[in-house]
Amino acid sequence: MSQQLERFLPILSTIPGVNIPVTLLQGAYIAASQRKIEQFEQALKYEVALLNQKVEAGKLILDREYVKSEAFAANVMQALRAAEIAETDDKLRFIARALAGCSLSFPRPALDKSQTMRIIEGISDRELRVFVEYFQILDPIDPYQDLIPNDSTVSVAGLTRQEFVAALLGLQQLGLFSKENLTDRDGKWTSTPHDSGSGFAWKLTALARQVASLSRVGPEES
(Lines give C-alpha, C1' and ligand atoms only; values in the text may rest on other atoms or scores of the structure.)
Protein backbone atom coordinates (compact mmCIF):
# COMPACT_ATOMS: atom_id res chain seq x y z
CA MET A 1 0.00 0.00 0.00
CA SER A 2 1.32 3.44 -0.86
CA GLN A 3 2.22 5.91 1.85
CA GLN A 4 -0.40 8.20 0.31
CA LEU A 5 -3.18 5.85 1.40
CA GLU A 6 -1.52 4.84 4.64
CA ARG A 7 -1.82 8.36 6.00
CA PHE A 8 -5.65 8.28 5.75
CA LEU A 9 -6.17 5.12 7.80
CA PRO A 10 -5.41 6.68 11.22
CA ILE A 11 -7.96 9.43 10.48
CA LEU A 12 -10.69 6.97 9.52
CA SER A 13 -9.81 4.75 12.48
CA THR A 14 -10.98 7.48 14.85
CA ILE A 15 -14.53 6.62 13.76
CA PRO A 16 -15.71 4.07 16.34
CA GLY A 17 -15.65 0.55 14.90
CA VAL A 18 -13.68 1.34 11.76
CA ASN A 19 -10.89 -1.16 11.22
CA ILE A 20 -9.84 -1.31 7.58
CA PRO A 21 -7.44 -4.21 6.99
CA VAL A 22 -4.26 -3.06 5.29
CA THR A 23 -4.56 -6.06 2.95
CA LEU A 24 -7.74 -4.63 1.42
CA LEU A 25 -5.79 -1.62 0.16
CA GLN A 26 -2.70 -3.58 -0.79
CA GLY A 27 -1.21 -2.28 -4.02
CA ALA A 28 -3.64 0.63 -4.18
CA TYR A 29 -2.29 3.96 -5.38
CA ILE A 30 -3.68 7.30 -6.45
CA ALA A 31 -1.85 9.60 -8.84
CA ALA A 32 -2.39 12.90 -7.06
CA SER A 33 -0.02 15.73 -6.21
CA GLN A 34 1.39 16.07 -2.70
CA ARG A 35 -0.57 19.31 -2.31
CA LYS A 36 -3.86 17.64 -3.20
CA ILE A 37 -3.13 14.69 -0.87
CA GLU A 38 -2.46 17.10 1.99
CA GLN A 39 -5.61 19.12 1.25
CA PHE A 40 -7.74 16.01 1.22
CA GLU A 41 -6.10 14.78 4.42
CA GLN A 42 -6.96 18.04 6.20
CA ALA A 43 -10.51 18.00 4.85
CA LEU A 44 -10.99 14.41 5.99
CA LYS A 45 -9.61 15.18 9.47
CA TYR A 46 -12.10 18.03 9.82
CA GLU A 47 -15.12 16.08 8.57
CA VAL A 48 -14.38 12.97 10.64
CA ALA A 49 -13.85 15.07 13.79
CA LEU A 50 -17.14 16.90 13.13
CA LEU A 51 -18.95 13.62 12.52
CA ASN A 52 -17.58 12.10 15.74
CA GLN A 53 -18.76 15.14 17.70
CA LYS A 54 -22.27 14.81 16.32
CA VAL A 55 -22.34 11.07 16.94
CA GLU A 56 -21.29 11.62 20.57
CA ALA A 57 -24.01 14.26 20.90
CA GLY A 58 -26.59 11.82 19.55
CA LYS A 59 -27.30 13.91 16.45
CA LEU A 60 -26.03 11.22 14.06
CA ILE A 61 -26.04 7.43 14.28
CA LEU A 62 -23.13 5.23 13.21
CA ASP A 63 -23.70 2.08 11.17
CA ARG A 64 -21.40 -0.02 13.32
CA GLU A 65 -21.71 -3.13 11.17
CA TYR A 66 -21.13 -1.31 7.90
CA VAL A 67 -17.90 0.40 8.99
CA LYS A 68 -16.40 -3.05 9.66
CA SER A 69 -17.24 -4.31 6.17
CA GLU A 70 -15.29 -4.48 2.94
CA ALA A 71 -18.00 -2.27 1.45
CA PHE A 72 -16.80 0.64 3.61
CA ALA A 73 -13.21 0.00 2.51
CA ALA A 74 -14.49 0.15 -1.08
CA ASN A 75 -16.07 3.54 -0.27
CA VAL A 76 -12.64 4.73 0.85
CA MET A 77 -11.13 3.76 -2.49
CA GLN A 78 -13.99 5.45 -4.37
CA ALA A 79 -13.39 8.64 -2.40
CA LEU A 80 -9.66 8.58 -3.10
CA ARG A 81 -10.26 8.11 -6.83
CA ALA A 82 -12.67 11.05 -6.74
CA ALA A 83 -10.12 13.18 -4.87
CA GLU A 84 -7.54 12.32 -7.49
CA ILE A 85 -9.47 14.14 -10.21
CA ALA A 86 -11.00 16.91 -8.08
CA GLU A 87 -10.21 20.37 -9.44
CA THR A 88 -11.09 22.55 -6.45
CA ASP A 89 -10.82 22.59 -2.67
CA ASP A 90 -14.63 22.65 -2.48
CA LYS A 91 -14.82 19.33 -4.31
CA LEU A 92 -12.20 17.80 -2.00
CA ARG A 93 -14.17 18.93 1.04
CA PHE A 94 -17.38 17.56 -0.44
CA ILE A 95 -15.75 14.18 -1.09
CA ALA A 96 -14.35 14.07 2.45
CA ARG A 97 -17.78 14.89 3.88
CA ALA A 98 -19.42 12.18 1.80
CA LEU A 99 -16.82 9.59 2.81
CA ALA A 100 -17.36 10.40 6.48
CA GLY A 101 -21.09 10.09 5.80
CA CYS A 102 -20.59 6.53 4.57
CA SER A 103 -20.09 5.50 8.20
CA LEU A 104 -23.59 6.63 9.18
CA SER A 105 -26.85 4.77 9.49
CA PHE A 106 -29.73 6.22 7.47
CA PRO A 107 -33.47 5.62 7.73
CA ARG A 108 -35.24 3.63 5.06
CA PRO A 109 -35.42 3.63 2.12
CA ALA A 110 -31.91 2.23 2.21
CA LEU A 111 -29.21 4.50 0.85
CA ASP A 112 -26.91 2.87 -1.73
CA LYS A 113 -23.57 4.25 -0.56
CA SER A 114 -21.47 2.72 -3.32
CA GLN A 115 -23.75 4.09 -6.02
CA THR A 116 -23.81 7.50 -4.36
CA MET A 117 -20.02 7.70 -4.07
CA ARG A 118 -19.74 6.73 -7.75
CA ILE A 119 -22.03 9.63 -8.65
CA ILE A 120 -20.07 12.02 -6.44
CA GLU A 121 -16.87 10.98 -8.20
CA GLY A 122 -18.43 11.92 -11.54
CA ILE A 123 -19.76 15.35 -10.56
CA SER A 124 -17.72 18.18 -12.05
CA ASP A 125 -16.80 21.16 -9.89
CA ARG A 126 -19.32 23.41 -11.62
CA GLU A 127 -22.06 20.78 -11.34
CA LEU A 128 -21.26 20.39 -7.65
CA ARG A 129 -21.55 24.12 -7.11
CA VAL A 130 -24.93 24.23 -8.83
CA PHE A 131 -26.14 21.14 -6.95
CA VAL A 132 -25.23 22.57 -3.53
CA GLU A 133 -26.52 26.08 -4.20
CA TYR A 134 -29.70 24.77 -5.82
CA PHE A 135 -31.05 23.97 -2.36
CA GLN A 136 -30.91 27.69 -1.52
CA ILE A 137 -33.26 28.38 -4.44
CA LEU A 138 -35.87 25.74 -3.69
CA ASP A 139 -38.59 25.58 -1.07
CA PRO A 140 -36.67 24.70 2.14
CA ILE A 141 -39.62 22.76 3.57
CA ASP A 142 -39.69 20.17 0.79
CA PRO A 143 -37.17 20.90 -1.98
CA TYR A 144 -37.71 17.48 -3.53
CA GLN A 145 -41.24 18.43 -4.51
CA ASP A 146 -40.36 21.93 -5.70
CA LEU A 147 -39.90 22.75 -9.38
CA ILE A 148 -37.96 25.37 -11.32
CA PRO A 149 -39.35 26.00 -14.81
CA ASN A 150 -36.79 25.80 -17.59
CA ASP A 151 -37.75 29.25 -18.87
CA SER A 152 -37.19 30.97 -15.52
CA THR A 153 -34.31 33.41 -15.16
CA VAL A 154 -32.91 31.81 -12.00
CA SER A 155 -29.20 31.03 -11.93
CA VAL A 156 -26.28 30.76 -9.51
CA ALA A 157 -24.13 33.79 -8.69
CA GLY A 158 -21.00 33.93 -10.81
CA LEU A 159 -22.36 31.69 -13.57
CA THR A 160 -23.97 32.76 -16.80
CA ARG A 161 -27.39 31.38 -17.62
CA GLN A 162 -25.76 29.13 -20.23
CA GLU A 163 -23.27 27.77 -17.71
CA PHE A 164 -26.05 27.17 -15.20
CA VAL A 165 -28.22 25.27 -17.68
CA ALA A 166 -25.23 23.26 -18.91
CA ALA A 167 -24.55 22.19 -15.32
CA LEU A 168 -28.21 21.19 -14.90
CA LEU A 169 -27.99 19.08 -18.06
CA GLY A 170 -24.88 17.39 -16.68
CA LEU A 171 -26.63 16.74 -13.37
CA GLN A 172 -29.57 15.29 -15.29
CA GLN A 173 -27.20 12.93 -17.09
CA LEU A 174 -25.90 11.79 -13.69
CA GLY A 175 -29.47 11.13 -12.57
CA LEU A 176 -29.68 13.94 -10.03
CA PHE A 177 -32.29 16.01 -11.89
CA SER A 178 -35.29 15.11 -13.95
CA LYS A 179 -37.40 17.12 -16.36
CA GLU A 180 -41.04 17.31 -15.33
CA ASN A 181 -43.72 18.40 -17.77
CA LEU A 182 -45.62 21.56 -16.84
CA THR A 183 -49.21 22.38 -17.70
CA ASP A 184 -51.27 25.47 -17.00
CA ARG A 185 -52.21 23.94 -13.64
CA ASP A 186 -48.86 22.51 -12.57
CA GLY A 187 -45.49 23.73 -11.43
CA LYS A 188 -46.08 26.44 -8.88
CA TRP A 189 -42.70 27.61 -7.67
CA THR A 190 -42.85 29.15 -4.20
CA SER A 191 -39.47 30.92 -4.24
CA THR A 192 -40.06 33.29 -7.15
CA PRO A 193 -43.36 34.06 -8.89
CA HIS A 194 -43.65 32.90 -12.47
CA ASP A 195 -46.33 32.30 -15.04
CA SER A 196 -47.12 28.63 -15.14
CA GLY A 197 -47.46 27.39 -18.67
CA SER A 198 -46.44 24.65 -21.03
CA GLY A 199 -42.90 23.34 -21.08
CA PHE A 200 -40.88 21.55 -18.40
CA ALA A 201 -39.27 22.17 -15.05
CA TRP A 202 -36.21 20.82 -13.24
CA LYS A 203 -36.80 18.60 -10.24
CA LEU A 204 -34.44 16.80 -7.85
CA THR A 205 -34.54 13.00 -8.01
CA ALA A 206 -34.35 10.23 -5.42
CA LEU A 207 -30.68 9.87 -6.31
CA ALA A 208 -30.18 13.56 -5.52
CA ARG A 209 -31.66 12.88 -2.10
CA GLN A 210 -29.08 10.12 -1.60
CA VAL A 211 -26.20 12.44 -2.51
CA ALA A 212 -27.57 15.18 -0.24
CA SER A 213 -28.06 12.74 2.62
CA LEU A 214 -24.59 11.20 2.37
CA SER A 215 -22.86 14.59 2.12
CA ARG A 216 -25.28 16.25 4.55
CA VAL A 217 -26.18 19.23 2.40
CA GLY A 218 -29.53 20.89 1.89
CA PRO A 219 -32.46 19.95 4.12
CA GLU A 220 -30.75 16.71 5.21
CA GLU A 221 -27.87 18.56 6.86
CA SER A 222 -27.68 18.12 10.61
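Owing to the predicted nature of the structure, the values given are computational and were not obtained by experimental measurement.
- Using a 4.5 Å heavy-atom cutoff, the side chains of Phe94 and Val132 are in contact.
- In this structure, Tyr144 and Lys203 approach most closely via the heavy-atom pair O-CE, 3.0 Å.
- Pairing each heavy atom of Lys36 with each of Glu84, the nearest pair is NZ-O, 3.0 Å.
- For the atom pair CD (Glu121) and CD1 (Ile85), the distance works out to 5.0 Å, reported to the nearest 0.5 Å.
- Thr205 contributes a side-chain N or O that, together with a main-chain N or O of Gly175, makes up a donor-acceptor pair within less than 3.5 Å.
- For the pair Glu133 and Arg129, the salt-bridge criterion is met [side-chain N within less than 4.0 Å of a carboxylate O].
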### Query
Does the pair Phe8 and Leu44 meet the rule for a side chain to side chain contact (heavy atoms under 4.5 Å, CB included), with working shown?
CA-CA 8 Å; Phe8 297 115; Leu44 190 59; 4.0 Å; yes
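- Closest approach of Asn52 to Ile15, counting heavy atoms only: OD1-CA, 3.8 Å.
- Between Tyr134 and Phe164, the ring-plane angle classifies as parallel under the 30° and 60° cut-offs.
- Side-chain contact check for Leu104 versus Ile61: every heavy-atom pair is 4.5 Å or farther apart.
- Two residues are said to be in side-chain contact when any heavy atoms from C-beta on lie closer than 4.5 Å; Asn19 and Ser13 fail this criterion.
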### Leu168 and Glu127: CA distance, side-chain angles, deciding distance, side chain to side chain contact (heavy atoms under 4.5 Å, CB included) verdict
CA-CA 7 Å; Leu168 288 176; Glu127 290 165 349; over 6 Å; no
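- Taking the side chain as every heavy atom from C-beta outward, Phe177 and Leu169 never approach each other to under 4.5 Å.
- Annotation: salt bridge (charged side-chain N to carboxylate O under 4.0 Å, His left out) contacts of Asp90 (sequence neighbours excluded): Arg93.
- With a 4.5 Å cut-off on side-chain heavy atoms, Arg7 and Ile37 count as touching.
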### Message
Applying side-chain hydrogen bond (donor to acceptor under 3.5 Å, both in side chains) to Gln210 and Gln115, what does each step give before you reach the verdict?
### Response
CA-CA 9 Å; Gln210 286 193 176; Gln115 178 194 42; 3.2 Å; yes
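- Between Asp146 atom CG and Leu138 atom CG the span is 5.0 Å, to the nearest 0.5 Å.
- The backbone N or O of Ser103 sits nowhere less than 3.5 Å from a side-chain atom of Asp63 that would complete a donor-acceptor pair.
- Not one N or O on the side chain of Gln173 forms a donor-acceptor pair closer than 3.5 Å with the backbone of Gly170.
- Here the straight-line distance linking atom CG of Leu214 with atom SG of Cys102 works out to 4.5 Å at 0.5 Å rounding.
- Taking 4.5 Å as the limit, some side-chain heavy atom of Arg35 sits within range of a side-chain heavy atom of Gln39.
- Note that NZ of Lys54 is 13.5 Å distant from CG of Leu62, once rounded to the nearest 0.5 Å.
- Summarising the geometry, atom CG belonging to Leu92 is positioned 10.5 Å from atom CD belonging to Glu87; distances are rounded to the nearest 0.5 Å.
- Tyr46 pairs by the side-chain contact (heavy atoms from CB on, under 4.5 Å) definition with Leu50, not counting sequence neighbours.
- Shortest non-hydrogen contact noted between Ala100 and Leu51 is O-CD1, 3.1 Å.
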### Task
Start with the C-alpha gap between Glu41 and Ile11, add the side-chain angles, then the distance that decides, and say whether side chain to side chain contact (heavy atoms under 4.5 Å, CB included) holds.
CA-CA 8 Å; Glu41 181 181 20; Ile11 302 171; 3.6 Å; yes
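- Within the 4.5 Å cutoff, no side-chain heavy atoms of Leu171 are placed close to those of Trp202.
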### Query
Can you check side chain to side chain contact (heavy atoms under 4.5 Å, CB included) on Ile123 and Leu176, steps first, answer last?
CA-CA 10 Å; Ile123 295 177; Leu176 301 179; 3.9 Å; yes
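- Judged as a salt bridge (charged side-chain N to carboxylate O under 4.0 Å, His left out), and not counting sequence neighbours, the contacts of Glu47 are Arg97, Arg216.
- Note that CG of Leu12 is 5.5 Å distant from CG of Leu99, once rounded to the nearest 0.5 Å.
- Between the side chains of Asp142 and Gln145, no donor-acceptor pair of N or O atoms lies under 3.5 Å.
- Residues Gly17 and Lys68 approach most closely at O-CG, 3.5 Å, considering heavy atoms.
- Minimum heavy-atom separation, Phe106 to Ser213: CE2-O, 3.5 Å.
- Contact check for Ser114 versus Gln78: side-chain heavy atoms found under the 4.5 Å cut-off.
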